[in-house]
Chemist: 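One structure follows; several queries about it will come next.
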Amino acid sequence: MELLAPAGSPEALIAAVQAGADAVYLGFGPLNARRNAKNFTQEELQTAVTYCHLRGVKVYLTLNTLLGNRELTLAAQTGAMAAELGIDAVLVQDLGVARLLRQTCPELPLHASTQMTVHNLDGILACADLGMTRVVLSRELSAQAIQTLCAQSPVELEVFGHGALCMCYSGQCFLSAVLGGRSGNRGLCAQPCRLAFQWTGEKHRCHPLSLKDLSLAGFLGELENMGVACLKIEGRMKRPEYVAVVTGIYAAALREGREPTPQELAQLEAAFSRQGFTQGYFQDKKGPAMFGTRPEGAKDPTALFAQARQFYTRGEHRQVPVTFAVQAKKEQPLTLTAQDDQGHEITLQGAPPQTARTKETSAEQIAGQLSKTGGTVYQALQTQVTLDPGLAVPLSAVNGLRRQVLAALDQARIQIPPQQTHPFHPPVPVKGPEKAPAFTLSFRRWEQMSRACLEQEPAIVYLPCQVVADHAALLAQWIADYPATAFGVILPRIVWDRELPQLEKELTAARQAGVTQALLGHIGQLPLARRFDLTPRGDFGLGLTNDLGAEELARLGFASATASFELRLSQVRDLSKPLDTELLIYGRLPLMITENCIVKQSGQGCSCQDTPSLRDRKGEEFPVENAWGCRNEIFNAKTLWLADKPEWKTAGLTYARLSFLRESPKDCAHIFRSYRTGQGTPPAAFTRGLSYRGVE
């Protein structure tokens, strides 16, 4: 099992490599999910690749953010640079970036970042179809789920083993973006989830969105037996000493086929933790014990970090085993062959040895000289000497050949295999409709849908799967009564494999009721929609932010796609429309989807009728809704209102969506009418969302 360590800076990279990492992941420039890390310049990156490859360590480049059209050229240049430097793989989130790299750097291996929210087999298969050679699984999965996926996956699977846990599924969090314009999908998350909140109706403050750090120390053998290809350590924002401590402990345990000792576990906790660690997700035991915060005033362990720093800054600890074979024969050139652990073999020759006049050279003397590999990354593992008797072999000649052959071995190890690269040609934009878009309505609850809404003839009405299944007979009548409106189901963004039978039952009921459309939150749901003969439409969770992403969704077979609400309206307008494009123009923007049911854990209850809210330090109240599978969704405190704004009408959209959360049936109908007529009073607390300010 490969051990993958974070390298947020050149010094952290050295710390990771010297501590025993098999691979490192790092960022270059602004196109990565840790833009606030020091990251690497091009010169530093080239030096890093050479440093790592010389020591047999792989280098993975993070290109795992959602990009706008203006950044695609830079992404193509970054991909070409990665291929030129011999980067071992690139991590991606954006479907458009994956498409771009397949076109411009077809031989560059791609890994699906955890930002792609892959949590089931269909998601893995979808990534494999996109050309990914490895998938980084969502951190919320249990051991049983991981084991099942390892047994069925056609590509390598990577699992987070140590470090920070986000409360929201990676790639689906908009909390930082909506609250402060700093997008986690753009590498600038401000971590507002770590702040204190309070439940409405309660006086005490708590941290319901702050999880303890993950540590799977103690489960390494289990993970290896499952077939996990790679264990990942989180921490590109952490200091090099932290990287050295954590990497060193995991590397030693894996190398020695054991679990970390009690002393090592204590060191892991001292290096950084939030009131200890959690294995709740892995053990499928969610609950209050998973939550924790960093104690106020907590300090770094000075002695432990000083020891770590002394370790990785002094001496070479990543010695490469090499075998030597030397031949010293009468009247033949002195020949030295060196072979490393990667199969590289170098043979060089020197002057023939002379007949000894006084004392002949021994095999032991030659072997002793060859073992003097100090100042290099090599360690003589085995030396075979073939020596004719009666010869004098100058030890200086042996030393010279050793230096030359090891230098040649250096070049062989850092040799960059040639890769094809092709120039990037931005796609020719496809214009959308010039007329104002048709309306689609999304209802959270059955009772919100009324004849007063449907008589206004929305193009499509979306309802959650479970709501459709619970009211299938009634829905069938509504569908018959309003033939001008198409009805669709909203598929849950998160569906574990063990939950698929329940979802399939609900989809069966939906089809029997006459539902024809499906709103998908993940590309892995396409086969499911096709199996039930539902027209697939992409939701905001797909992260559509650029022209290539739109082209990819069209190629995959989506009938329409929802542009990310992190885009400004001007960016939506400029977005190519190779397929029908939709935009959310009313409603509480979704901020988080969580595996942990914080409603249940907080004692607030856990039923579809519960409507608690979280209040932040500014007094803003964020609705918390139960989601499919006993999960939670957290929504913005203010309602997006654009009824009085004309820009969305001229953005080339086919559909504009009104999303209703807790509104009454009367309010839903009134709001719909306000958008249709352009007249109406906005809610008391409303926002323009990111429609004009966008995100960093």
Chemist: Just how far is it from atom CG of L54 to atom CD1 of I414, taken to the nearest 0.5 Å?
Modeler: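 If I round to the nearest 0.5 Å, the distance is 6.5 Å.
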Chemist: Taking the side chain as every heavy atom from C-beta outward, state whether T293 and R194 have any atom pair closer than 4.5 Å.
Modeler: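 Answer no - side chains too far apart.
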Chemist: Take a 6.0 Å sphere around CD of E256 and say whether it holds more than 12 heavy atoms from other residues, nucleotides or ligands.
Modeler: yes
Chemist: Does the N632 side chain pair with the main chain of I598, one donor and one acceptor, at a distance under 3.5 Å?
Modeler: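 Present.
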Chemist: Check the pair H111 / Y60 against ring-ring contact (aromatic ring centres under 6.0 Å, His included), numbers first and verdict last.
Modeler: CA-CA 9 Å; H111 292 178; Y60 303 142; 5.0 Å; yes
Chemist: Calculate, to the nearest 0.5 Å, the distance between atoms CZ and CG belonging to R239 and D300 respectively.
Modeler: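 So the gap between those two atoms works out to 5.0 Å.
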Chemist: With side chains defined as the heavy atoms from C-beta onward, is the minimum distance between F324 and V322 less than 4.5 Å?
Modeler: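 A side-chain contact exists here, since the closest heavy-atom pair is under 4.5 Å.
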Chemist: So for atom CD, which belongs to Q382, do other residues, nucleotides or ligands contribute more than 12 heavy atoms lying within a distance under 6.0 Å?
Modeler: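 Atom CD in Q382 is not packed in, count stays at 12 or less.
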Chemist: Within the supplied structure, the quantity of interest is the number of heavy atoms (other residues, nucleotides, ligands) at a distance under 6.0 Å from Q342 CD; does it exceed 12?
Modeler: yes
Chemist: Less than 4.5 Å apart, any side-chain heavy atom of L45 and any of L26?
Modeler: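 Result yes, sub-4.5 Å side-chain heavy-atom pair found.
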Chemist: Can a salt bridge be assigned to the pair R493 and E633 using a cut-off of 4.0 Å between side-chain N and carboxylate O?
Modeler: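 Looking at E633 together with R493, the answer is yes, because their closest N to O distance falls below 4.0 Å.
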Chemist: Checking R314 against F311: charged group under 6.0 Å from the ring centre and within 45 degrees of the axis?
Modeler: no
Chemist: What verdict does the salt bridge (Lys or Arg N to Asp or Glu O under 4.0 Å) test give for E620 and K618, after you've listed the backbone C-alpha separation in whole Å, the side-chain angles of each residue and the deciding distance to 0.1 Å?
Modeler: CA-CA 6 Å; E620 302 279 7; K618 297 180 180 179; over 6 Å; no
Chemist: For Q384, I'd like to know if atom CD has over 12 heavy atoms of other residues, nucleotides or ligands within 6.0 Å.
Modeler: no
Chemist: Which heavy atom in R631 sits nearest to a heavy atom in T594, and how many Å separate them?
Modeler: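 Heavy-atom minimum between the residues: CB-O, 3.0 Å.
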Chemist: Within a radius of less than 6.0 Å around CD of E224, do more than 12 heavy atoms belonging to other residues, nucleotides or ligands occur?
Modeler: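 Buried by this count: over 12 neighbours within 6.0 Å.
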Chemist: Taking the six-membered ring for Trp, are F219 and F282 ring centroids under 6.0 Å apart?
Modeler: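 Judged by ring-centre distance (under 6.0 Å), F219 and F282 do meet the cut-off.
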Chemist: Between atom CG of L265 and atom OG of S215, what is the distance when rounded to the nearest 0.5 Å?
Modeler: 7.0 Å
Chemist: Calculate, to the nearest 0.5 Å, the distance between atoms CD1 and CG belonging to I346 and L401 respectively.
Modeler: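 Going from CD1 on I346 over to CG on L401, the span is 13.0 Å.
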Chemist: Does E259 reach the main-chain N or O of G218 with its side chain, forming a donor-acceptor pair under 3.5 Å?
Modeler: yes
Chemist: N399 and Q369: side-chain hydrogen bond (donor to acceptor under 3.5 Å, both in side chains), yes or no, with the steps?
Modeler: CA-CA 6 Å; N399 290 338; Q369 293 304 115; 2.7 Å; yes
Chemist: Applying ring-ring contact (aromatic ring centres under 6.0 Å, His included), run through F277 and H162 and close with a yes or a no.
Modeler: CA-CA 9 Å; F277 296 113; H162 193 94; 5.0 Å; yes
Chemist: So T78 and V90, do their side chains get closer than 4.5 Å, heavy atoms only?
Modeler: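 The answer is no; the side chains never approach within 4.5 Å.
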Chemist: Donor-acceptor pair, S138 side chain versus V118 backbone, under 3.5 Å?
Modeler: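 Answer holds: yes.
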Chemist: Could you report the tightest heavy-atom contact between Q275 and G292, atom names first, then the distance?
Modeler: OE1-CA, 3.2 Å
Chemist: Begin with the C-alpha distance, continue with both residues' side-chain angles, and end with the deciding distance and a verdict on side-chain hydrogen bond (donor to acceptor under 3.5 Å, both in side chains) for Q18 and E316.
Modeler: CA-CA 7 Å; Q18 291 300 323; E316 177 62 59; 3.1 Å; yes
Chemist: Using modelled atom types and a 3.5 Å cut-off, is there a donor and acceptor pairing between side-chain atoms of T376 and backbone atoms of T373?
Modeler: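 Side chain of T376 to backbone of T373, a donor-acceptor pair under 3.5 Å: yes, one is there.
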Chemist: Quick one: do C206 and W199 satisfy side-chain contact (heavy atoms from CB on, under 4.5 Å)? Show the steps, please.
Modeler: CA-CA 8 Å; C206 56; W199 291 99; 4.2 Å; yes
Chemist: Is it true that a side-chain atom of R615 and a backbone atom of F622 form a donor plus acceptor pair closer than 3.5 Å?
Modeler: no
Chemist: So, taking the atom named CG in L381 and the one named OG in S371, what distance separates them when rounded to the nearest 0.5 Å?
Modeler: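 Between atom CG of L381 and atom OG of S371 there are 12.5 Å.
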Chemist: Kindly determine whether E566 and R186 satisfy side-chain contact (heavy atoms from CB on, under 4.5 Å), including the steps that lead there.
Modeler: CA-CA 10 Å; E566 290 191 348; R186 303 269 300 157; 4.3 Å; yes
Chemist: Kindly indicate, with the supporting measurements, whether the criterion side-chain contact (heavy atoms from CB on, under 4.5 Å) is fulfilled by L3 and I233.
Modeler: CA-CA 8 Å; L3 181 62; I233 299 170; 3.9 Å; yes
Chemist: Would K212 pass as a cation-pi partner of F291, given that its NZ or CZ must be under 6.0 Å from the six-membered ring centre and within 45 degrees of the axis?
Modeler: no
Chemist: Report yes or no: do Y378 and D340 form a side-chain donor-acceptor pair below 3.5 Å?
Modeler: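 Judged by distance alone, the side chains do not pair up.
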Chemist: If you look at every heavy atom in Y242 and G163, which pair is closest and at what distance?
Modeler: OH-CA, 4.4 Å
Chemist: For Q172 and T117, what are the C-alpha separation, side-chain angles and deciding distance, and is it a side-chain hydrogen bond (donor to acceptor under 3.5 Å, both in side chains)?
Modeler: CA-CA 7 Å; Q172 301 298 317; T117 326; 3.2 Å; yes
Chemist: So among Y250, Y25, F160, which one has a side-chain contact (heavy atoms from CB on, under 4.5 Å) with L4?
Modeler: Y25
Chemist: With a 4.5 Å limit on heavy-atom distance, are the side chains of L179 and N636 in contact?
Modeler: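 In short, these two side chains touch, coming nearer than 4.5 Å.
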Chemist: Nearest 0.5 angstrom please: N64 CG to L31 CG, how far?
Modeler: 10.0 Å
Chemist: Can any side-chain N or O of D94 pair as donor or acceptor with the backbone N or O of L67 at less than 3.5 Å?
Modeler: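 Side chain of D94 to backbone of L67: a pair is present.
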Chemist: For A217 and L268, which heavy atoms make the closest approach, and how far apart are they?
Modeler: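 Heavy atoms of A217 and L268 come nearest at CB-CD1, 4.1 Å.
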Chemist: Can you tell me if CD on Q46 sees more than 12 non-hydrogen neighbours from other groups inside 6.0 Å?
Modeler: no
Chemist: Counting C-beta onward and ignoring hydrogens, is there a side-chain heavy-atom pair between V155 and R134 closer than 4.5 Å?
Modeler: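 Side-chain contact under 4.5 Å: no.
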Chemist: Tell me whether R205 contacts the main-chain N or O of A196 through its side chain, where contact means a donor paired with an acceptor under 3.5 Å.
Modeler: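 Yes: the side chain of R205 pairs with the backbone of A196.
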Chemist: Is a salt bridge present between E269 and R274, judged by a nitrogen-to-oxygen distance below 4.0 Å?
Modeler: no
Chemist: Do you know which two heavy atoms are closest between A253 and L220, and how far apart they sit?
Modeler: CB-CD1, 3.7 Å
Chemist: S9 versus P240: any side-chain heavy-atom pair under 4.5 Å?
Modeler: yes
Chemist: Under 3.5 Å, is there a donor-acceptor pair between the side chain of R139 and the main chain of Y281?
Modeler: no
Chemist: If you measure from the Lys or Arg side-chain nitrogens to the Asp or Glu carboxylate oxygens, is any gap between R182 and E696 under 4.0 Å?
Modeler: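 Here R182 does not pair with E696 in a salt bridge, since their nearest N and O are not under 4.0 Å apart.
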Chemist: Yes or no on side-chain contact (heavy atoms from CB on, under 4.5 Å) for H207 and F197, after CA distance, side-chain angles and deciding distance?
Modeler: CA-CA 6 Å; H207 292 81; F197 294 82; over 6 Å; no
Chemist: Do Q144 and D284 have side-chain atoms, one donor and one acceptor, less than 3.5 Å apart?
Modeler: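 Per modelled atom types, Q144 and D284 side chains form no pair under 3.5 Å.
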Chemist: Grab the two heavy atoms, one from R318 and one from A21, that are nearest each other, plus how far apart they are.
Modeler: NH1-O, 2.7 Å
Chemist: For K58, is there an ion pair with D22 - N to carboxylate O distance below 4.0 angstrom?
Modeler: no
Chemist: Are any of the side-chain heavy atoms of C168 and I593 separated by less than 4.5 Å?
Modeler: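 C168 reaches I593 side chain to side chain.
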Chemist: When you compare the side chains of E140 and Y169, does any donor N or O come within less than 3.5 Å of an acceptor on the partner?
Modeler: no
